[in-house]
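If you read the sequence from its start, that first residue is 1, and numbering goes on from there. Ligands are counted one by one from 1 in listed order, and the atoms in each one are counted from 1 as well.
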Amino acid sequence: MNPVLEVKKLSRYFGGLKAVSEVDLSIAPNEIVALIGPNGAGKTTFFNCITGIYEPSEGEVLLHANGTTTSLNGKKPHAITALGLARTFQNIRLFQEMTVLENVMVGFHCRTSAGIMGALLHTPAALREEQETIDQAYGLLRSVNLHNSYAAKARNLPYGAQRRLEIARALATSPAVLLLDEPAAGMNPFETRELETLVQRIREAHKLCVLLIEHDMNIVMSMSDRIYVMEYGSCIAEGTPMEIRHNPKVIKAYLGEESHA
Ligand SMILES: Nc1ncnc2c1ncn2[C@@H]1O[C@H](COP(=O)(O)OP(=O)(O)OP(=O)(O)O)[C@@H](O)[C@H]1O
Ligand SMILES: [Mg+2]
């Protein structure tokens, strides 16, 4: 099947450090793909390169969505979001002083059309659009089980709930690809199990594919269709959870490290 996202020989250097070195990665429609590796392996830098936060030093990022192929190289983060790539952050980036509902409404912004003047003048079209946005945002909050907290300030939510709110905000941009950077970090075991079901439900309901960075091996092994493993900036393995679990390089680089922890 043709990929939705195709990354070719992506590299990113910081001075003499090769944080990401010639990484190839692709995601097919409907796939859940995990990107794993020890701390400092280059996973977040890889995300930052494909979402426009960093410019890749070398390589190409192609998005095949809505019947067209677009190169994401050189595009700004907001333009990449509008093209269909949405993400959450390892260090949560919510609007802490805004309400839970408002945080999701911001996500819809790149898809609404009435414009700032319409909103300021309270034109009927703008009011109608605002109400639709509220309804849709509330619907997304319901899907991540945060609708009862819609009026709370984001900063007052527990950590795990903030991570789910970030997912809802990302979904508001109608992505073709959802990128999650350590979504289970800070979640308790119950929330972590719920997250797994949530991501699978999102994949079906929103017809998207997911690339997730995650250190929790239980989640990675049980929910991923395929896994890429990075070490010192390079991709050292790619395969199904079963293949990765038995790959000697991976055991040495990553799982081995875990078992000594
Ligand atoms: N802006 C930057 N300037 C200089 N070095 C950076 C920068 N961002 C990341 N690095 C370095 O690049 C390497 C990869 O970092 P990165 O954050 O991508 O790792 P990671 O795989 O996400 O690790 P973790 O699992 O701890 O989140 C590290 O050595 C890091 O110190
Ligand atoms: Mg990281």
Engineer: Under 3.5 Å, N or O to N or O, is Phe14 touching ligand 1 that way?
Structural biologist: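 No, Phe14 has no N/O under 3.5 Å of an N/O on ligand 1.
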Engineer: Is there a protein heavy atom at a distance of less than 4.0 Å from atom 31 (O) of ligand 1?
Structural biologist: no
Engineer: Which residue holds the protein heavy atom closest to atom 27 (O) of ligand 1, what is that atom called, and what is the gap in Å?
Structural biologist: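 Of the protein heavy atoms, Gln90 NE2, 2.8 Å lies nearest.
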Engineer: Hey, which atoms in ligand 1 end up nearer than 4.0 Å to a heavy atom of Asn39?
Structural biologist: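 It comes down to these atoms of ligand 1: 23 (O), 24 (P), 25 (O), 26 (O).
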Engineer: Between the side chain of Arg164 and the main-chain N/O of Ser143, is any donor-acceptor distance below 3.5 Å?
Structural biologist: no
Engineer: For ligand 1, which atoms sit closer than 4.0 Å to a heavy atom of His215?
Structural biologist: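 Listed by number with element: 25 (O).
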Engineer: Give the C-alpha distance, both sets of side-chain angles, the deciding distance and a yes or no for salt bridge (charged side-chain N to carboxylate O under 4.0 Å, His left out) between Glu97 and Arg155.
Structural biologist: CA-CA 7 Å; Glu97 295 305 317; Arg155 71 174 153 81; 2.8 Å; yes
Engineer: Counting only N and O atoms by type, is there a donor-acceptor contact under 3.5 Å from the side chain of Ser21 to the main-chain atoms of Lys18?
Structural biologist: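 Side chain of Ser21 to backbone of Lys18: no pair is present.
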Engineer: Checking a contact table here: which protein heavy atom is nearest atom 1 (N) of ligand 1, and how many Å away?
Structural biologist: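 That would be Tyr54 OH, 3.0 Å.
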Engineer: Checking a contact table here: which protein heavy atom is nearest atom 23 (O) of ligand 1, and how many Å away?
Structural biologist: Gly40 N, 2.8 Å
Engineer: Is the distance from the ring center of Tyr54 to that of Phe47 below 6.0 Å?
Structural biologist: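 Between Phe47 and Tyr54, which both carry aromatic rings, the centre distance is not below 6.0 Å.
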Engineer: Specify side chain, backbone, both or neither for Phe46, according to which of its non-hydrogen atoms lie closer than 4.0 Å to ligand 1.
Structural biologist: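 Neither part.
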Engineer: Take a 6.0 Å sphere around CG of Asp135 and say whether it holds more than 12 heavy atoms from other residues, nucleotides or ligands.
Structural biologist: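 Result for CG/Asp135: enclosed.
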Engineer: Is it true that atom OH of Tyr232 has more than 12 heavy atoms of other residues, nucleotides or ligands lying nearer than 6.0 Å?
Structural biologist: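 No - once you tally the heavy atoms of other residues, nucleotides and ligands closer than 6.0 Å, there are 12 at most.
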Engineer: Can you check whether Gly37 has an N/O within less than 3.5 Å of an N/O in ligand 1?
Structural biologist: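 Such a contact does not occur with ligand 1.
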Engineer: If two hydrophobic side chains count as joined below 4.5 Å and joins carry through other members, does Ile53 share a cluster with Leu180?
Structural biologist: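 Ile53 and Leu180: separate clusters.
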Engineer: Nearest to atom 11 (C) of ligand 1, what protein heavy atom do you find, and at what distance?
Structural biologist: Leu17 CD2, 3.6 Å
Engineer: How far is atom 15 (O) of ligand 1 from its nearest protein heavy atom, and which residue and atom is that?
Structural biologist: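 Checked against all protein heavy atoms, atom 15 (O) of ligand 1 sits closest to Thr45 OG1, 3.7 Å.
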Engineer: Could you tell me whether the side chain of Ser57 and the main chain of Tyr13 form a donor-acceptor pair under 3.5 Å?
Structural biologist: yes
Engineer: Leu94 and side chain to side chain contact (heavy atoms under 4.5 Å, CB included): which partner among Val100, Leu157, Leu165?
Structural biologist: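 That would be Leu165.
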Engineer: Tell me whether Thr45 has at least one N, O or S atom under 2.8 Å from the Mg ion (ligand 2).
Structural biologist: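 No.
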Engineer: Quick one: does Arg203's side chain have a donor or acceptor within less than 3.5 Å of a partner on Asn30's backbone?
Structural biologist: yes
Engineer: Nearest heavy atom to atom 17 (O) of ligand 1: which of Asn91, Thr44, Ile53 does it belong to?
Structural biologist: Thr44
Engineer: Go through Lys8 and Leu62 one step at a time and tell me if the side-chain contact (heavy atoms from CB on, under 4.5 Å) criterion holds.
Structural biologist: CA-CA 8 Å; Lys8 298 178 181 174; Leu62 298 172; 4.0 Å; yes
Engineer: List ligand 1 atoms under 4.0 Å from Glu182, heavy atoms only on the residue side.
Structural biologist: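 Near Glu182, the atoms of ligand 1 are 25 (O), 27 (O).
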Engineer: Below 4.0 Å, non-hydrogen atoms only: which portion of Met230 touches ligand 1? Side chain, backbone, both or neither.
Structural biologist: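 It is neither; nothing of Met230 touches ligand 1.
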Engineer: N/O/S of Gln90 less than 2.8 Å from the Mg ion (ligand 2)?
Structural biologist: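 It does; at least one qualifying atom falls short of 2.8 Å.
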Engineer: Which protein non-hydrogen atom lies closest to atom 12 (O) of ligand 1, naming both residue and atom, and how far is it?
Structural biologist: Ala19 CB, 3.4 Å
